[in-house]
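The block underneath contains the structure these notes are about, expressed in structure tokens.
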Protein chains: 2
Amino acid sequence: MTTVMIDRDDVNISLREKKKIETKNKIFEVAGRLFKEKGFESTTVDEITTKARIGKGTFFNYFPTKEALLMDFAKQKEELVYDIVLKELKTNTSVREKIKNVLVLVAKSNEKDKELTKLFVFEHMRRYGYDERKSTGLNILLCDLLEKGIGTKEVKKNIDIKKAAGNITGVYFASLMEWLWSQSDYSFSEDISIKIDMIFEGIGS
Amino acid sequence: MTTVMIDRDDVNISLREKKKIETKNKIFEVAGRLFKEKGFESTTVDEITTKARIGKGTFFNYFPTKEALLMDFAKQKEELVYDIVLKELKTNTSVREKIKNVLVLVAKSNEKDKELTKLFVFEHMRRYGYDERKSTGLNILLCDLLEKGIGTKEVKKNIDIKKAAGNITGVYFASLMEWLWSQSDYSFSEDISIKIDMIFEGIGS
DNA sequence: AGTCATATATGACTGTGGTCATATTTAATA
DNA sequence: TATTAAATATGACCACAGTCATATATGACT
């Protein structure tokens, strides 16, 4: 049924596959340029397909919606941060520091391109709602770290870990939103750092 | 320049004004029914105007966008909650209880119509971003209460009140989002109640 | 009542995202 | 090479939000 012989890694890639990859790359290339030039909203699918010299319908063979294309950009960016975060997790610091540092790292990555991040956050919410964002990556990581924190006595023993992680994610998310839409140009990563301390220490006396 | 004589309250309302109010009410009436019947997205402006027996252009004389109409519904709902919150603030409870109760009240109001709340939250964010939501109402109220809390020694003296209020709003907002998009039917108001306690007491030991 | 400036109503029209029946290209099989 | 099935490409087409030039209704003033 299937061709099993493989001489070199890419020998098996058919013309079809090659063309598919080429077309997808072309869309990425053109769209990326246009998004940066004129923003997401004012870039039309028509313009993308014309500039990429493909039919309009073809675009939708590769991306179900215009927003899906945007989300693919987001995914690429996310993968970059993921590597940096992994590195941080391997360091020899306290759980509390780790949590703070990870969030600061993610924050700094977001600080690099405010407008694009805004679009990503918004579109992600529109497509997957809020829950998905929580369940993937960050929240699981936080639950894990908090669990360890209980072991090292850095975190209260009788706490509901999921809710605590939810609070941290919540504060992060809300602070991100506030920063994204704020006019003034304060440092998001500093802001988040202070707020995480507050979550650990509590505001009540 | 202006007619000053007024015999009865409504004698001065011109035919124009009357018709304007009538038309706006008609749009509200028809749209409200359709939104409940088939949801916001699948209700078209065309259908609203046809059922309301007005021209399509007329709709946009009253509401700049379809979403603006939705936001007007939201405003009406907001005003209802506002009264209830004011009542709570007059009670003789601790600052911490007051904060918790106010958020629980708002949560309960949101619990009444999940789908509509989802639309409101989403559209509000789309139109005004996140900052506006914070600055109006809730955040000012929280800053006020926290200030009082410092006076009554319920809240740490040297804390950054704005950031603390931000954390509470953030946790509220994120929990709202999580609840809105979750499949399971847990109690949002209970969830928020526990989380507020966590914010006061901290998670570190 | 008649005149006129202004507020309001209207629907044909436009721009854009997305669909779908049909055409074309590719690759497996004979 | 010839035939055929399946993958892929395509642009005419549709639905819907929003615009705008034009038509109509209203009320102030004479």
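Letters A, B, ... are given to chains in the order of the sequence lines, protein chains preceding strands, and every chain is numbered from 1.
With rounding to whole Å, A/Ile48 atom CD1 is found 8 Å from C/dG17 atom P. Rounding to whole angstrom units, CG of residue B/Asn61 and P of C/dT6 are separated by 18 Å. Between A/Phe60 atom CZ and D/dA12 atom P there is a gap of 16 Å when expressed in whole angstrom units. Between the NZ atom of B/Lys20 and the P atom of D/dG27 there is a distance of 12 Å, rounded to whole Å. The CG-P distance, from A/Asp46 to C/dT14, rounds to 16 Å in whole Å. Separating the CD atom of B/Glu67 from the P atom of D/dC16 is a distance of 15 Å, rounded to the nearest angstrom. The separation between A/Leu15 atom CG and D/dA9 atom C1' is 14 Å, rounded to whole Å. One interatomic measurement links the two molecules: CD of A/Glu41 to P of D/dA17, which rounds to 16 Å at whole-angstrom precision.
In this structure, B/Thr43 reaches the sugar-phosphate backbone alone: every heavy-atom distance under 4.0 Å involves primed, P, OP1 or OP2 atoms, never a base.
Side chain of B/Thr58, nearest nucleotide from C/dA9, C/dA27, D/dA9: C/dA9.
Distances shorter than 4.0 Å separate none of the side-chain N or O atoms of A/Tyr62 from OP1 or OP2 on D/dT8. The side chain of A/Lys19 places no N or O atom within less than 4.0 Å of a non-bridging phosphate oxygen (OP1 or OP2) of C/dT25. Under 4.0 angstrom from either OP1 or OP2 of D/dC16 there lies no side-chain N or O belonging to B/Thr44.
Salt bridge status for B/Lys118 with B/Asp113: absent, with no side-chain N to carboxylate O gap under 4.0 Å. Under a 4.0 Å N-O distance rule, the pair A/Glu47/A/Lys51 qualifies as a salt bridge.
Aromatic rings from A/Tyr172 and A/Phe188 are positioned such that their centres are separated by under 6.0 Å. Taking the six-membered ring for Trp and the full ring otherwise, B/Tyr62 and B/Phe28 have centroids separated by 6.0 Å or more.
One can find a donor-acceptor pair under 3.5 Å joining the base of D/dA17 and the side-chain atoms of B/Lys56.
Residues A/Ile54 and A/Arg16 each lie close to DNA chain D; by heavy-atom proximity, the contact nearer the 5' end of the strand is made by A/Arg16.
Between the side chains of B/Lys195 and B/Ser175, at least one donor N or O lies within less than 3.5 Å of an accepting N or O.
The pairing partner recorded for D/dT30 is C/dA1, the criterion being a Watson-Crick or G-U wobble arrangement whose two distances lie under 3.5 angstrom.
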